[in-house]
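Worksheet: the structure to be examined is printed underneath.
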Amino acid sequence: MCTSVTFLSETGDNFLARTMDFGFELKGRPVVIPRDQTFQSDVKGSEYHTQYSFVGTGRNLDNYILVDGVNEKGLSAAALYFSGEAQFAKELKDGKTNIAPHEVLNWILGNADSCADLSNLLAHLNIVAAPVKLTGFSVPLHWIITDRSGESYVLEVGEDGIHYMKNPVGVMTNSPDFGWHLKNLSNYTQLKPTPHPARDYDGYQVTSFGPGSGALGLPGDYTSVSRFIRTVFMREYTDQVATEQTVTQLSHILNSVEIPKGVKIKKDGSEDYTQYRGYMDTKNLIYYMQPYDDQTINKVTLTEELMNREQPTEFPIQKKQQFQDLNK
């Protein structure tokens with residue numbers, strides 16, 4: 001389970017942020033994939049090529065698998081769980097790029113330079129229900145995509161094929177499908193940042209107990225439905241700030257949906273928790289990662305040197321919280 005959100009700085013620079021909420025330890029770290037790479041797909045007999053360099057969080061499992069990131073053209077995307085909804089192809093198709101769901105993020109960031117460009121490229125894609133070697137099962141995913149223009153789209157695959165939909169609210173969580181989440185917003189039109197007015201009941205005046213009454217009814221649980229509503233509200237009313245402060249502002253937005261260990265336990269006893277937060281700057285081509293065990297925000301910038309290397313570059317992260325000692 002995850003939450004993703006786009007956000008503009010006060011000068012219009014676009015960011016994508018996400019929480020990675022999962023019970024299985026992904027052990028991801030920042031990775032730069034250089035230009036012109038060929039990947040052997042987990043779809044037997046297939047491979048795919050990427051022309052653009054990109055940076056995000058991933059892991060080397062025979063091939064690098066990334067789950068979010070930003071590329072050298074300023075296109076950013078994130079993969080989120082889509083349990084019970086995703087329906088991928090059972091067979092390969094001739095003349096198509098046949099890849100597994102967990103490889104789509106690489107393919108998007110490696111080949112599309114904008115949301116509009118991706119719309120054209122999708123005609124050449126066939127997503128096959130091939131498993132991840134580490135887990136042995138095909139991962140049900142959908143994707144949020146955004147670019148420097150601030151436009152945002154959602155990519156979902158159902159029984160009737162690929163759906164590439166404009167995202168008018170800049171937020172995506174998990175199941176149900178994206179269209180359902182948009183309709184559900186109609187149940188929360190009363191939410192606002194200002195207090196509700198006083199009420200008169202046959203001459204008896206009733207006022208709220210204090211500021212914040214406009215958000216009464218804002219759902220606070222960790223379901224994807226509630227996280228969607230909560231994040232749309234936060235995104236709509238959170239103040240825009242300078243570009244260099246926008247990651248901090250996004251961190252405050254994601255505070256409202258971060259899942260600490262122990263508060264969301266699944267039927268099998270495993271704990272879903274926010275393993276990390278990722279922040280993507282589409283203008284400056286910077287990827288920020290904020291792990292659970294160390295809330296320090298790590299930063300990797302796409303440079304020409306990194307983009308032109310022959311092999312991907314990994315960046316280790318701390319496993320223990322770092323503190324600034326003010327006594328020194």
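The structure presented is a predicted model; accordingly, all values stated were derived computationally and were not measured.
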From CA spacing to verdict: side chain to side chain donor-acceptor pair (under 3.5 Å), Y64, E314: CA-CA 10 Å; Y64 277 96; E314 292 189 22; 2.6 Å; yes

Worked verdict on T146 versus E151 for side-chain contact (heavy atoms from CB on, under 4.5 Å): CA-CA 6 Å; T146 190; E151 285 198 342; 5.7 Å; no

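- Judged purely by distance below 3.5 Å, without hydrogens or angles, the side chains of T303 and T301 never pair a donor atom with an acceptor atom.
- A side-chain N or O of R277 and one of N255 form a donor-acceptor pair less than 3.5 Å apart.
- A distance of 9.0 Å separates CD1 of I65 from NZ of K133, quoted to the nearest 0.5 Å.
- Looking only at distances, no side-chain donor or acceptor of N98 sits under 3.5 Å from a matching main-chain atom of V43.
- A single hydrophobic cluster is seen to contain both F39 and M307, as judged by linkage of ILVMFWY side chains at heavy-atom distances under 4.5 Å, directly or through other members.
- Here the side chain of D68 pairs a donor or acceptor atom with the backbone of T57 at under 3.5 angstrom.
- For the pair L75/D113, no side-chain contact is recorded, criterion being any heavy-atom separation below 4.5 Å from C-beta on.
- Taking a cutoff of 4.0 Å between a charged side-chain nitrogen and a carboxylate oxygen, K266 and E271 do not qualify as a salt bridge.
- Remark: the S226 side chain and the T223 side chain contain an N/O donor-acceptor pair separated by less than 3.5 Å.
- You'll find the side chain of N111 reaches within 4.5 Å of the side chain of L121, heavy atoms only.
- Atom CG of D325 has more than 12 heavy atoms from other residues, nucleotides or ligands within 6.0 Å.
- A distance of 6.0 Å separates CH2 of W107 from CG of L118, quoted to the nearest 0.5 Å.
- At least one donor-acceptor pair closer than 3.5 Å links the side chain of Q321 to the backbone N or O of Q295.
- In this structure, L80 is a member of the same hydrophobic cluster as L105, with clusters built from ILVMFWY side-chain heavy atoms closer than 4.5 Å.
- Between T3 and R227, the side chains place a donor N or O and an acceptor N or O closer than 3.5 Å (distance only, hydrogens not considered).
- Across every non-hydrogen atom of S152 and G170, the tightest pair is OG-CA, 4.3 Å.
- Side-chain contact between M280 and R18 is present, with at least one heavy-atom pair separated by less than 4.5 Å.
- At a threshold of 4.5 Å between non-hydrogen side-chain atoms, the residues Y287 and V32 do not count as touching.
- Taking every heavy atom of both residues into account, Q249 and V241 meet most closely at NE2-CG1, 3.6 Å.
- Panel note: side chain S76, backbone G69; a donor-acceptor pair is recorded below 3.5 Å.
- Checked by atom type and distance alone, the side chain of H196 never pairs as donor or acceptor with a backbone atom of S208 at under 3.5 Å.
- With values rounded to the nearest 0.5 angstrom, R148 atom CZ is found 9.0 Å from K283 atom NZ.
- Within the 4.5 Å cutoff, the side chain of Y48 has no heavy atoms near those of the L125 side chain.
- Annotation: Y204, atom OH; neighbour count of heavy atoms from other residues, nucleotides and ligands within 6.0 Å does not exceed 12.
- If you check the side chains of S41 and S46, you find no donor sitting under 3.5 Å from an acceptor.
- The existence of a salt bridge linking K319 and D294 is excluded, since no basic side-chain nitrogen approaches an acidic carboxylate oxygen closer than 4.0 Å.
- Under 3.5 Å, the side chains of T243 and D13 contain a donor-acceptor pair of N or O atoms.
- Shown here for T19 and C2, the closest heavy-atom pair between the two residues is O-CB, 3.0 Å.
- Considering only heavy atoms from C-beta on, Q311 stays 4.5 Å or farther from P34 through its side chain.
- At a threshold of 4.5 Å between side-chain heavy atoms, the hydrophobic network of Ile, Leu, Val, Met, Phe, Trp and Tyr places L216 and I229 in two separate groups.
- Pairing each heavy atom of V31 with each of G58, the nearest pair is CG2-O, 4.0 Å.
- The shortest side-chain heavy-atom distance between V70 and D281 does not fall under the 4.5 Å cut-off.
- Residue L8 comes nearest to G150 through the heavy atom pair CD2-CA, 4.3 Å, listed as atom of the first residue, atom of the second, then distance.
- When ring centroids are compared, F7 and F15 stay outside the 6.0 Å threshold.
- Under a hydrophobic-cluster definition in which Ile, Leu, Val, Met, Phe, Trp and Tyr are linked whenever side-chain heavy atoms come within less than 4.5 Å, directly or via other members, Y188 and W180 are assigned to different clusters.
- How far CZ of F54 is from NZ of K73: 14.5 Å, rounded to the nearest 0.5 Å.
- Seen from the ring of Y273, K261 counts as a face-on cation partner, given the 6.0 Å and 45° thresholds.
- Taking CG of N106 as the reference point, atom NE2 of H49 lies at 13.0 Å (rounded to 0.5 Å).
- For the 3.5 Å distance criterion, the side chains of T97 and H124 fail to qualify, holding no donor opposite an acceptor.
- The structure places OG of S114 at 5.5 Å from CG of D147, a figure rounded to the nearest 0.5 Å.
- The pair E304-R35 meets the salt-bridge criterion, with a side-chain N (NZ, NE, NH1 or NH2) lying under 4.0 Å from an Asp/Glu carboxylate O.
- When hydrophobic clusters are built by joining Ile, Leu, Val, Met, Phe, Trp and Tyr residues whose side-chain heavy atoms come closer than 4.5 Å, directly or via intermediates, Y81 is grouped together with Y276.
- Salt-bridge formation is not detected for the pair D293/K320: no Lys NZ or Arg NE/NH1/NH2 atom is positioned less than 4.0 Å from an Asp or Glu carboxylate oxygen.
- Using modelled atom types, one finds a donor on one side chain and an acceptor on the other under 3.5 Å when comparing R309 with T313.
- Side chain of Q245 to backbone of A242: no donor-acceptor contact under 3.5 angstrom is found.
- The main-chain N or O of F22 is found under 3.5 Å from a side-chain atom of Q275 such that the two form a donor-acceptor pair.
- Residue E156 forms a side chain to side chain contact (heavy atoms under 4.5 Å, CB included) with just one option from W143, F82, Y164, and that option is F82.
- A donor-acceptor pair is defined here as one N or O able to donate and one able to accept, closer than 3.5 Å; no such pair exists between the side chain of S251 and the backbone of V247.
- Under 3.5 Å, the side chains of Y222 and D21 contain no donor-acceptor pair of N or O atoms.
- Ring-plane geometry between F228 and F178 is classed as perpendicular, the angle between the planes exceeding 60 degrees on a 0 to 90 degree scale with a lower cut at 30.
- Counting heavy atoms from C-beta on, the side chains of H142 and E85 never come closer than 4.5 Å.
- Of all the heavy atoms in Q40 and N63, the pair that sits closest is O-ND2, 2.5 Å.
- Using a distance-only test at 3.5 Å, with no hydrogens or angles considered, a donor-acceptor pair links the side chain of R235 to the main chain of T6.
- T296 and Q322 are not linked by any side-chain donor-acceptor pair at a separation below 3.5 angstrom, with hydrogens and angles left out of the test.
- No donor-acceptor distance shorter than 3.5 angstrom exists from the side chain of D42 to the backbone of A100, with no hydrogens or angles considered.
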